[in-house]
Amino acid sequence: MCHSQDRTPSEVGRDLVQWFLENQRDLPWRRDYSPYGVWVSEIMLQQTQVAAVVPYYLRWMKRFPDVPSLAAATEDEVLLYWEGLGYYSRARNLLKAARLVMERFGGRVPDTEADLRVLPGVGPYTASAILSLAYNRDVPVVDGNVERVAARLLDLDVSAKSPEGRREVLRAATQWLVPGKARFYNQALMELGAVICTPAHPKCLACPVAARCLALRHGTVENRPVRSPRPRWEELRVAIGVLRENGKIYIQKRPEGGLFAGLWEFPGGKALEAETPRVALVREMEEELGVRVKIVDKIGVVRHAYTRFRVTLHAYRCVPDPPGQIVRPRACAAWKWVRPSELDLFAFPAANRRLIQALRKAADAGS
DNA sequence: GAACCGTGGGA
DNA sequence: TTCCCAAGGTT
C-alpha cells in the first residue's frame, strides 16, 4: 500500500510544473535565480516561513548584494541583519562560507554537490536546492514540504523521517522529476506543500494532482504524514537586569557555540526553584559580573517561546551598589558599556529586543 | 540517532 | 491561551 503502483510518474511531474508556472507566488528570489540569491534564500528559508523571510532577504541583498560584499563584512553586522530570524548559526555559517567561496572558488558559488557540501550550513537539502534552482541540474530536493506531499500522494504509512520513509520519498521525488525542468519541478513540489497540501486543512479541491493522491482516495490525508509524538516544553523563569551607571548600560556578548552564539544580551539568569526573580537577579549579577547591585524598579515581564523552553522573563532596572565597582564578567565573549541609543548597533535575541522597546517606551513616557 | 538551535503566525 | 510547526544543519 505504501509502495505506489502509479506507473505514470512523469505525469505527476508535468502537472506540478504546469501548475507552478501558472500559480507560483511572486517572490524576490525567483527573479533571476542567481546562485548567490538562491543560496541566501535557501539558508533563510530553513525552518522558516516565506512571509518571515521576504523582508530579511530584501534588506540583506541590498546590503550584501554578492559574495565579495558578504565576505568582507563583520560577524556583528551580519548578525544585526539576521536579528529576529532565529537560528543564528545560519548567519555565522553563511559568512564563513562566503569567505570560503572567495578563497577556494574565486568568489563563484560552486555547482557540484561535493564542493557545495564543503560550505558550512549547506547540507543535503540546500546543496540540491542550489544545484536545481540556480543551475537547473536534474536533482530532486527533499524538504518538509516534499515529505508531506509525497507521503500523501503515496499514502505512506510509515514516518517520512524513518529510514524506509526517507527511501520512499526520495524514490518518488526522483521518479516524478521532469528532466530539464528541475528548477520548476522542485519548487512546484515545495510550493504545493506550502500553499495547497498544507499540514492542516489541505485544499485538496484546488490540488492539481488530487486525482493521483492515494491518501485522498483512501481518506487518510489528515493522517499523512504519520507523526511521531513531540517532546514536552520546559517552563523557565529568568531574571534579567538592565544595569546602568553614568548614563551607560552594560551588555555582554554570548560565547561561541550554544544558544544565541555571538549575539549580545543583558546579564541575568535562571531563577532557582523557590527563588524570587529579584533574588535570582542579585545572585546572578554577583556570579556573572562580580558586582553587587541594587534593583531600582521592574521594567516588565516578557513571555517568550523557544523550541524547547517557555520563558517568563522578569526584567529590572538596576545600579551598582555601591557605585564604581569594577566589572569582572565571566563566561562571555566580550562586554561593553553603551549609551541607550547605541543598542541598535548590536544584535540581540528577540526577547531582549522587545525589552529594549519597552525601555524606550518607558523613557519616552517619563520625559 | 537524537538533541540542539529561534521565531512569529495561524487555528 | 495554547498548541502547532516552517524551503534543515551540526554535533
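Please read all numbers here as calculations on a predicted model, not as lab measurements. Naming convention: chains lettered A, B, ... in sequence-line order (proteins, then strands); numbering from 1 in each chain.
Each of Arg310(A) and Glu42(A) was matched to the nucleotide of DNA chain C holding its nearest heavy atom; the match closer to the 5' end belongs to Arg310(A). Looking at which nucleotide of DNA chain B each of Gly86(A) and His201(A) is closest to, the 5′-most match is held by Gly86(A).
When DNA chain B is scanned 5' to 3' for any atom under 4.0 Å from a heavy atom of chain A, the first and last hits are dG1(B) to dA11(B).
In this structure, the CG atom of Asn145(A) is 7 Å from the P atom of dG8(C), given to the nearest Å. Rounded to whole Å, the distance from CD on Glu235(A) to C1' on dT1(C) is 13 Å. The CD atom of Glu256(A) sits 12 Å away from the P atom of dT11(C) (whole-angstrom rounding). When the P atom of dG9(C) is taken as reference, atom OH of Tyr87(A) falls 12 Å away, rounded to whole Å. Summarising the geometry, the separation between CG on Leu27(A) and C1' on dA6(C) is reported as 14 Å, rounded to the nearest angstrom. Rounded to a whole Å, the CG atom of Leu85(A) is 16 Å from the P atom of dG9(C). The separation between Asp143(A) atom CG and dG9(C) atom P is 10 Å, rounded to whole Å. Met190(A) has its CE atom 9 Å from the P atom of dA7(C), to the nearest Å.
Tyr57(A) and Trp29(A) have perpendicular rings, their planes meeting at more than 60° on a 0 to 90° scale where under 30° would count as parallel.
With hydrogens and angles ignored, the 3.5 Å screen pairs no side-chain donor or acceptor of Arg317(A) with any backbone N or O of Lys298(A). Between the side chain of Glu265(A) and the backbone N or O of Asn352(A), no donor-acceptor pair lies under 3.5 Å. A side-chain donor-acceptor contact under 3.5 Å links Arg137(A) to the backbone of Asp111(A). Not one N or O on the side chain of Thr220(A) forms a donor-acceptor pair closer than 3.5 Å with the backbone of Asn223(A).
Within the 4.0 angstrom heavy-atom criterion, base atoms lie near Ala305(A). Within 4.0 Å of Arg30(A), counting heavy atoms only, lies at least one base atom of the nucleic acid. Across all strands shown, Trp82(A) has no heavy atoms under 4.0 Å from either base or sugar-phosphate atoms. Counting non-hydrogen atoms under 4.0 angstrom, Ala52(A) reaches nothing in the nucleic acid. Across all strands shown, Gly193(A) has no heavy atoms under 4.0 Å from either base or sugar-phosphate atoms.
A donor and an acceptor atom, one from each side chain of Gln187(A) and Arg183(A), are nowhere located under 3.5 Å apart.
Nearest heavy-atom pair, Val141(A) versus Asn186(A), reported as atom, atom and distance to 0.1 Å: N-OD1, 3.4 Å.
With both ends at atom P, the span from dG6(B) to dC3(C) equals 22 Å, rounded to whole Å. Rounded to the nearest Å, the gap between the C1' atom of dA7(C) and that of dA2(B) is 23 Å.
Between Arg227(A) and dC5(C) there is a side-chain polar atom (N or O) within less than 4.0 angstrom of OP1 or OP2. Using a 4.0 Å cut-off, some side-chain N or O of Arg148(A) falls inside it from OP1 or OP2 of dA6(C). Between Gln46(A) and dA7(C) there is no side-chain N or O to OP1 or OP2 distance below 4.0 Å.
Residue Arg59(A) qualifies as enclosed at atom CZ: its count of foreign heavy atoms under 6.0 Å is above 12.
In this structure, of dA7(C), dG8(C), dC5(C), it is dG8(C) that holds the atom nearest to the side chain of Thr126(A).
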